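Here is the structure we will look at.
Since the structure is predicted, the reported quantities are computational estimates derived from the model, not experimental observations. When a ligand or atom number is given, it counts from 1 through the structure's own listing order.
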Amino acid sequence: MKQICVVGVGYVGLVTAACFSDLGNRVIALDISEEKIAGLNRGEMPIYEPGLEELVQRNVKSGRLTFTTSYPEGLTGTEFAFIAVGTPSGVDGEADLRYVAASARSIAEHMTSPLIIINKSTVPVGTGDWVADIIRKHQKSPIPFSVVSCPEFLREGSAIPDFMQPHRTVLGSLDREAAEKVAQLHLALRAPIVITDLRTAEMIKYASNAFLATKISFINEIANICEALGADVKEVAIGMGYDKRIGPAFLDAGLGYGGSCFPKDVKALAYMAAEKGRHPQLLHAVMDINDDRRPMAIYRIKEMLGDMQGKVVGILGLSFKPNTDDMRDAPAIDIARSLLNAGAQVRAYDPVAMNMASPQLPGVDMMSDPYAVADGADALMLITEWNEFKQLDLERVYGLMRQPIIFDGRNIYDPELMAKHGFTYRGLGRGYNGQKLAETSLFTTAS
Ligand code: UGA
């Protein structure tokens, strides 16, 4: 059993704290937000993440997990301090490090014994060295410490299994012994451990996220070409994915990537490159392709509905992806606002994100279920592929709608089944203009 302090109770921090305590360690989760800590002490989670509440409750009950706003309390007797605070985008796309700096400074001021400081937040290459400088500068008396980078690769919505069964653990430090101690802490996860220097570890995180974003923009580019040539991108991706060198993951064409990570990290990597005089052409193309996806959805729905004035458009799914209530950079926000600007009446349903979404979407009526959204609607737009939308009662939906028009922004429906139920259906990249034709053969063999 080790004693660990985790600074930050957002997605990464709270999941790290809960999982390390579940692995048998004593963990103190620290946040400067009195409100979040008071909520956690009452058993209320600051975020929605499947399985997190149960995991937190179990470990609080066992006494291994506690919450505090006090650095002296968090650091007393602690050998490892994780920094897991937010790194939002600054005005030019650079990462805003004010929370990392504040945590490093507080750690320096309150540490009373040797400490390994582990950075889990996604930070620009070189931040580990900068954190070490901050610590040195703000320590009241010199106490030995080391900085280790340990980027987190978990996804929202599957954070706990991603943390507990990672594909790899990456550790970077100039102090090999410290990195090995952090490696010991991760041995229970039974994943390959890569130990490297600080800057390389920090770069591995950006390169990984940028590569995944590239895969998404690549398949979205292919989707556009499919629409021009009459092919179905969903089947193209299946056909490509069996090649082990390509793999099937992150080849779902649709409305592109959103959330708190890919948009910010691709931008930050491009910013870092440009600052050093490099021209990251591929990263710019990845961002451009992604930026086009939301206007494309509006273009498509206008094509189907004509004048939008007074039309009732229903949105299915608001969060940036399923299994989360996170609305950061969610396509639904831009899409709903564009629909409202075009004069449509907009209504929406999401299984968990409506409370988060409402303040950002005044003018959108939040409904109790997908059928209430369909009732009297001229069109439905599927924006987030929650499981509960995958097997809707299509006959009922057809009966409720004023016009049976469905735009599928995540390609979850079978075009033939939709046609069979009488819907005018469009996906993205599924045949001509997103519409699969029953007869797709362009060529006839000469007789
Ligand atoms: C992403 C990475 O997947 C994690 O490994 C990483 O730790 C995390 O960022 C982070 O840096 O903190 P996350 O943003 O939670 O995780 O979500 P993903 O499941 O990766 O999805 C990101 C976006 O890509 C979503 O908007 C999703 O709809 C979109 N996406 C994903 C696609 O459009 N197509 C796909 O095939 C896959």
Side-chain angles (χ1 to χ4, degrees), residues 8 10-16 47-50 84-89 95 119-123 150-163 165-170 191 202 204-223 233-234 236-238 240-241 246-269 286-287 289-294 296-297 317-335 353 382-386 408-412 427-429:
Y11 273 101
V12 172
L14 190 54
V15 171
T16 301
I47 48 167
Y48 171 80
E49 181 62 36
V85 295
T87 54
S89 270
N119 190 24
K120 266 214 164 299
S121 305
T122 302
V123 289
C150 174
E152 182 51 63
F153 299 101
L154 59 79
R155 289 163 300 174
E156 289 180 20
S158 54
I160 294 165
D162 284 356
F163 187 97
Q165 295 118 40
H167 295 213
R168 78 301 207 186
T169 298
V170 173
E202 289 165 345
I204 289 171
K205 171 67 188 191
Y206 279 102
S208 301
N209 272 5
F211 185 76
L212 293 170
T214 303
K215 261 189 120 175
I216 298 169
S217 281
F218 177 84
I219 200 68
N220 282 330
E221 174 112 300
I222 295 297
V233 71
K234 196 155 175 162
V236 170
I238 293 170
M240 289 168 63
I246 299 172
F250 283 73
L251 285 183
D252 291 328
L255 293 167
Y257 58 80
S260 63
C261 305
F262 289 170
K264 139 179 109 57
D265 293 347
V266 179
K267 236 190 258 172
L269 184 56
V286 167
M287 290 188 278
I289 293 168
N290 201 58
D291 287 347
D292 281 350
R293 303 313 285 170
R294 299 169 194 195
M296 172 90 80
L318 293 165
S319 52
F320 85 94
K321 67 171 197 172
N323 301 321
T324 177
D325 63 353
D326 198 336
M327 287 300 299
R328 285 176 287 181
D329 210 341
I333 297 176
D334 290 338
I335 290 170
L382 184 292
I383 306 295
T384 315
E385 68 278 29
W386 285 90
D408 180 358
R410 300 290 176 181
N411 291 343
I412 65 170
L428 287 164

contact_flag Gly254 ligand 1 heavy-atom lt 4.0 Å: no
Close approach of Arg410 to ligand 1, heavy atoms, under 4.0 angstrom: yes
Min side-chain heavy-atom separation [X]-[Y] under 4.5 Å:
X: Pro322; Y: Glu156; answer: no
X: Phe320; Y: Arg328; answer: no
X: Leu255; Y: Ile383; answer: yes
X: Val15; Y: Leu154; answer: yes

Atom pair CZ (Phe211) and CD1 (Ile204), whose distance is rounded to the nearest 0.5 Å: 14.5 Å
Spatial distance of atom CD1 (Ile160) from atom CD (Gln165) [nearest 0.5 Å]: 11.0 Å
To which protein heavy atom is [atom] closest, and what is the distance rounded to 0.1 Å?
atom: atom 34 (N) of ligand 1; result: Asp252 O, 3.0 Å
atom: atom 3 (O) of ligand 1; result: Arg155 CG, 3.2 Å
atom: atom 37 (C) of ligand 1; result: Phe250 CD2, 3.4 Å

Pair Val266-Tyr257, side-chain contact (heavy atoms from CB on, under 4.5 Å): steps then yes or no: CA-CA 11 Å; Val266 179; Tyr257 58 80; 4.2 Å; yes
Under 4.0 Å from a heavy atom of [X]: give me the atoms of ligand 1 that qualify, with their elements.
X: Phe153; result: 4 (C), 5 (O), 6 (C), 7 (O)
X: Cys261; result: 8 (C), 9 (O), 10 (C), 11 (O), 12 (O), 14 (O)
X: Gly256; result: 26 (O), 33 (O)

For atom 6 (C) of ligand 1, the option (of Leu154, Thr384, Val12) bearing the nearest heavy atom: Leu154
Option of least heavy-atom distance to atom 17 (O) of ligand 1 (set: Arg293, Lys321, Glu156, Glu385): Lys321
Neighbour count above 12 (heavy atom, 6.0 Å) for Phe218 CZ: no
Under 3.5 Å: N/O of Gly258 near N/O of ligand 1: yes
Geometric N/O contact Tyr257 with ligand 1, under 3.5 angstrom: no
Ligand 1 versus [X]: contacting region, heavy-atom distance under 4.0 Å:
X: Glu152; value: backbone
X: Ile216; value: side chain
X: Phe262; value: side chain
X: Leu251; value: backbone

Any donor-acceptor N or O pair under 3.5 Å, side chains Thr324, Arg155: no
Stepwise side-chain contact (heavy atoms from CB on, under 4.5 Å) test for Asp326 and Tyr11: CA-CA 10 Å; Asp326 198 336; Tyr11 273 101; 3.7 Å; yes
